[in-house]
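A short worksheet on the structure shown next.
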Protein chains: 2
Amino acid sequence: MDALEILSDLENVFPYFQPIFSADEQLVIAYEVLGRYQSDGTIISLGPFFQDDQIPDEYKFEVDLLLVNQALEKALELDEEISIFFNRNAELLMYGNGEPFLQTLLDFEKKGVNLKRIVLEISDRNYEGDLDQFDHLLQYYRTYGIKVALSSMEKGSNFERIAELEPDILKINLEALKSTATGVNFNDVLFTISLLARKIGATVLFENIEMSYQLQFAWKNGGRYYQGFYLHPPAAEFVPRDFLLYRLKEMFHDFISYEKRKLETVFSTSEKFQTKVHEIVMKNKKLGYEGLFQAIVKEMDQAAFRMYICDEDGFQKSANYFKDKEGWNFQGEYKNKNWSWRPYFLENIIKMRNERKGIMSDLYSDIETGETIRTFSFPMNGREYLFIDISYQYLYEHDQLL
Amino acid sequence: MDALEILSDLENVFPYFQPIFSADEQLVIAYEVLGRYQSDGTIISLGPFFQDDQIPDEYKFEVDLLLVNQALEKALELDEEISIFFNRNAELLMYGNGEPFLQTLLDFEKKGVNLKRIVLEISDRNYEGDLDQFDHLLQYYRTYGIKVALSSMEKGSNFERIAELEPDILKINLEALKSTATGVNFNDVLFTISLLARKIGATVLFENIEMSYQLQFAWKNGGRYYQGFYLHPPAAEFVPRDFLLYRLKEMFHDFISYEKRKLETVFSTSEKFQTKVHEIVMKNKKLGYEGLFQAIVKEMDQAAFRMYICDEDGFQKSANYFKDKEGWNFQGEYKNKNWSWRPYFLENIIKMRNERKGIMSDLYSDIETGETIRTFSFPMNGREYLFIDISYQYLYEHDQLL
């Protein structure tokens with residue numbers, strides 16, 4: 001694409017709009033503005049134009065300003081609850097110290113576009129200017145009510161940067177879900193991002209949703225906003241707010257039912273374990289740790305692959321009883337180790353001590369075997385807590401547990 | 001520092017060792033090898049030498065190989081359970097396709113250094129070579145039992161990269177804890193990293209621990225291994241394994257007691273809320289949502305700032321009842337919104353439905369006010385779940401709740 005061709009033919013530059021849907025209302029809550037250029041009857045994206053390092057910033061800024069003006073002019077048609085997302089890389093945002101762009105926004109504020117509806121989708125990857133100055137400018141914009149979405153997630157999520165910028169929205173590109181390279185742990189990464197977002201009060205927006213399973217994935221991983229061809233492609237015109245209301249309601253209903261069934265299974269499995277372990281502990285509590293472990297193995301050999309007992313400070317009182325290819329054996333070196341530093345450990349101890357009931361953990365990777373497992377913990381009394389690690393094999397055979 | 005001076009004076013190049021301690025055993029479990037150079041009676045770090053882009057890789061490799069040899073020679077003194085951490089940036093690791101370094105390790109394996117004790121502390125920031133090839137080399141090393149620690153955390157944690165590499169150890173630099181820029185949300189970031197580590201089965205190592213509060217911070221955030229001047233500076237000689245055993249045991253004991261007291265407070269507060277809310281709901285259940293909310297405000301005005309009721313699929317059945325500067329008022333626009341996509345939402349619903357008991361949430365940021373809050377959720381019956389958001393002010397006044 002020739003930059004000069006575009007610059008000398010600005011009447012063929014215009015914005016496209018891709019709707020963003022919300023999980024809570026199942027309505028269109030925003031549009032992302034995307035640049036387009038019509039040449040010889042075909043419409044092409046201006047993305048490459050804006051990303052081309054060879055094209056001077058002032059050319060890009062000229063084209064961008066035109067798009068911003070056209071987009072905001074058209075946005076006057078929109079319901080006042082609908083936001084408008086503009087892509088800004090650091091260079092574009094910093095152009096003219098950010099003043100001309102802000103001036104344009106303020107002009108449209110007078111025409112009725114509340115600046116709270118403006119979202120700047122920023123990316124500061126590869127920015128070679130002064131990052132502090134960039135951050136200051138963003139904070140300045142925010143004093144007008146303008147929101148910040150961080151879309152640095154394509155090339156990798158920098159968590160410290162997220163914490164530093166405190167974006168209103170975290171934009172996560174689901175394209176990576178298609179590659180196998182990042183596949184295995186991608187779920188864990190997204191789950192983790194959604195927890196960080198919750199902790200810092202940011203909203204998660206998933207983009208590039210192209211298939212139904214990606215929508216489910218986004219929903220399951222704390223996504224509140226969704227965008228992608230599967231929902232609606234970018235287009236010259238807006239769609240009715242409730243364009244997908246019925247379909248999304250139906251889909252979410254299915255996601256919810258499926259998830260509730262899975263959660264019910266985990267809960268009822270936990271109850272089953274509770275009943276059985278309670279019974280075994282009551283019957284065998286006089287046998288000592290060794291006898292107790294052997295009694296558990298008699299009834300739970302299929303499920304368990306490791307067990308041990310800790311006190312309420314996390315000091316291990318027993319050896320590990322561990323099953324490998326040759327069968328069950330004791331690992332004495334674990335005795336006296338302390339596990340209080342592990343996430344959730346003391347929290348679960350306090351819960352068990354007070355409620356006198358066992359807890360089934362979430363799925364996590366065993367640090368020694370690397371397998372995906374769960375742990376069932378059980379309060380034997382106020383001083384002794386029994387931990388039974390449940391094998392991947394067992395979870396796999398009861399697939400609602402995975 | 002003049003590179004040629006060092007290269008022509010290799011007899012004054014030697015390794016220093018900084019011990020790494022574990023939370024589970026409170027013993028030294030490893031040493032990190034650090035390059036040193038003695039010139040005119042002063043000992044200086046070779047860090048700048050290895051980081052200097054102007055110095056050709058073959059010079060660095062020559063100095064590094066010398067250090068590796070000396071360090072492994074000295075490591076023959078060590079207990080077989082103690083690991084040795086070597087810093088490798090991508091260039092150094094890829095030098096000679098990684099073969100000469102591996103050959104050195106294999107030579108020492110014959111002398112009794114099990115390669116399972118070798119940890120490569122890698123950083124691939126700014127690497128301009130082929131990252132795939134680098135990853136392949138790492139996988140190749142790992143087939144020998146060699147472990148990988150990812151220490152890319154200084155300039156920001158790339159979570160996708162963590163998931164891709166599946167490091168055995170995540171090394172987190174606590175230096176950032178001293179700066180206020182990253183301060184506010186740093187806790188959330190570290191907590192999130194520790195959860196990701198748990199999910200993928202990696203161990204978290206905190207480095208640059210220089211004060212007692214940093215050790216507590218590391219312990220509280222899922223850190224299993226600790227390193228820093230507060231524990232022991234790098235030195236020419238090894239220390240006894242149990243060098244800090246007594247002191248660490250004492251400190252961990254304090255951390256554990258403090259944390260358990262906090263957790264007990266959260267638990268007992270939850271019980272208090274349970275009793276009170278249960279009583280209010282029983283007394284006022286015929287009044288409708290509006291009457292119920294007003295009855296709750298009468299008794300819990302100090303604690304609550306928002307309340308609403310959802311069904312078990314997360315659809316909001318009531319308006320929001322919200323307290324702002326002017327007092328309590330209804331926000332009708334929240335009715336019929338769905339919250340099932342929020343992390344923990346359905347999980348908590350299933351738990352409440354089955355246990356018929358309320359749940360006090362962890363601390364998180366309210367998405368509208370930005371304040372740190374907790375939510376108390378309560379099952380009114382099988383179909384209606386009451387959510388009471390508890391203000392920062394209240395948590396602050398009961399500081400064990402923060």
Side-chain angles (χ1 to χ4, degrees), chain A residues 23-26 156-164 166 176 181-182 184-186 188-189 191-196 198-203 219-220 222-224 252-253 255-256 259-260 263-264 267 312-314 337-343 346-347 349-351 354 363-367 370, chain B residues 23-26 156-164 166 176 181-182 184-186 188-189 191-196 198-203 219 222-224 252-253 255-256 259-260 263-264 267 271 312-314 337-343 346-347 349-351 354 363-367 370:
Chain A
D24 48 328
E25 298 184 286
Q26 304 102 47
S157 318
N158 178 333
F159 271 41
E160 282 80 359
R161 186 77 181 127
I162 294 172
E164 201 173 75
E166 299 192 336
T182 42
V184 192
N185 293 318
F186 194 60
D188 293 329
V189 170
F191 174 74
T192 312
I193 291 175
S194 78
L195 292 191
L196 179 62
R198 175 174 177 279
K199 284 281 184 193
I200 67 171
T203 298
W219 174 84
K220 197 182 145 77
R224 181 178 192 173
F252 290 143
H253 176 76
F255 300 164
I256 293 166
E259 198 59 25
K260 276 166 61 189
L263 289 163
E264 269 302 345
F267 189 87
E312 61 156 55
D313 283 351
K337 287 203 184 194
N338 185 283
W339 305 110
S340 63
W341 52 273
R342 295 172 79 178
L346 289 178
E347 198 178 324
I349 291 279
I350 300 296
K351 213 178 271 173
N354 284 293
L363 292 167
Y364 68 101
S365 293
D366 184 67
I367 212 156
Chain B
D24 47 329
E25 298 183 286
Q26 304 102 46
S157 317
N158 177 332
F159 270 41
E160 282 79 359
R161 186 74 182 130
I162 294 172
E164 201 172 75
E166 299 192 336
T182 42
V184 192
N185 292 317
F186 194 60
D188 294 330
V189 169
F191 174 74
T192 313
I193 291 176
S194 79
L195 291 190
L196 179 62
R198 175 174 177 276
K199 284 281 184 192
I200 67 171
T203 297
W219 174 83
R224 181 178 192 174
F252 289 143
H253 176 75
F255 300 164
I256 293 167
E259 196 61 24
K260 276 165 63 188
L263 289 164
E264 269 303 345
F267 189 86
E271 293 287 296
E312 60 156 59
D313 283 351
K337 287 203 183 193
N338 185 284
W339 305 111
S340 63
W341 51 273
R342 294 173 81 179
L346 289 178
E347 199 179 323
I349 291 280
I350 299 296
K351 213 178 271 176
N354 284 292
L363 292 167
Y364 68 102
S365 293
D366 184 65
I367 212 155

Between the CH2 atom in Trp341(A) and the CZ atom in Phe252(B), the distance rounded to the nearest 0.5 Å is 10.5 Å
Could you tell me which residues satisfy side-chain hydrogen bond (donor to acceptor under 3.5 Å, both in side chains) with Arg198(B), sequence neighbours excluded, listed by chain and number? Asp362(A)
Pair count under 4.5 Å, heavy atoms only, with chain A: among Asn354(B), Thr203(B), Ile349(B), highest is Asn354(B)
How long is the straight-line distance from CG of Leu263(A) back to CD1 of Ile350(B), given to the nearest 0.5 Å? 5.5 Å
Contacting region of Glu347(A) [heavy-atom separation from chain B under 4.5 Å]: both
Interface check, chain A: of Arg342(B), Glu25(B), Lys260(B), most non-hydrogen pairs under 4.5 Å belong to Lys260(B)
Interface residue of largest heavy-atom contact number with chain B, from Pro343(A), Ser194(A), Ala202(A), Gly314(A), under 4.5 Å: Pro343(A)
Is a side-chain N or O of Lys337(B) found less than 3.5 angstrom from the main chain of Ala23(A), in a donor-acceptor match? no
Heavy-atom pairs under 4.5 Å with chain A: which of Leu346(B), Leu195(B), Asp366(B) has the most? Leu346(B)
Taking every non-hydrogen atom, the tightest pair across Ile256(B) and Ser340(A): CD1-OG, 3.4 Å
Step through the shown structure and confirm whether more than 12 heavy atoms of other residues, nucleotides or ligands are within 6.0 Å of NZ on Lys199(A). yes
Could you grab the distance from atom CD1 of Ile200(B) to atom CG of Asp188(A), nearest 0.5 Å is fine? 7.5 Å
Which atoms of Phe191(A) are under 4.5 Å from chain B, going by heavy atoms: the side chain, the backbone, both sets, or neither? side chain
Given heavy-atom pairs under 4.5 angstrom as the criterion, report whether the side chain, backbone, both or neither of Glu312(A) touches chain B. both
Is it the backbone or the side chain of Trp219(B) that comes under 4.5 Å from a heavy atom of chain A, or both, or neither? both
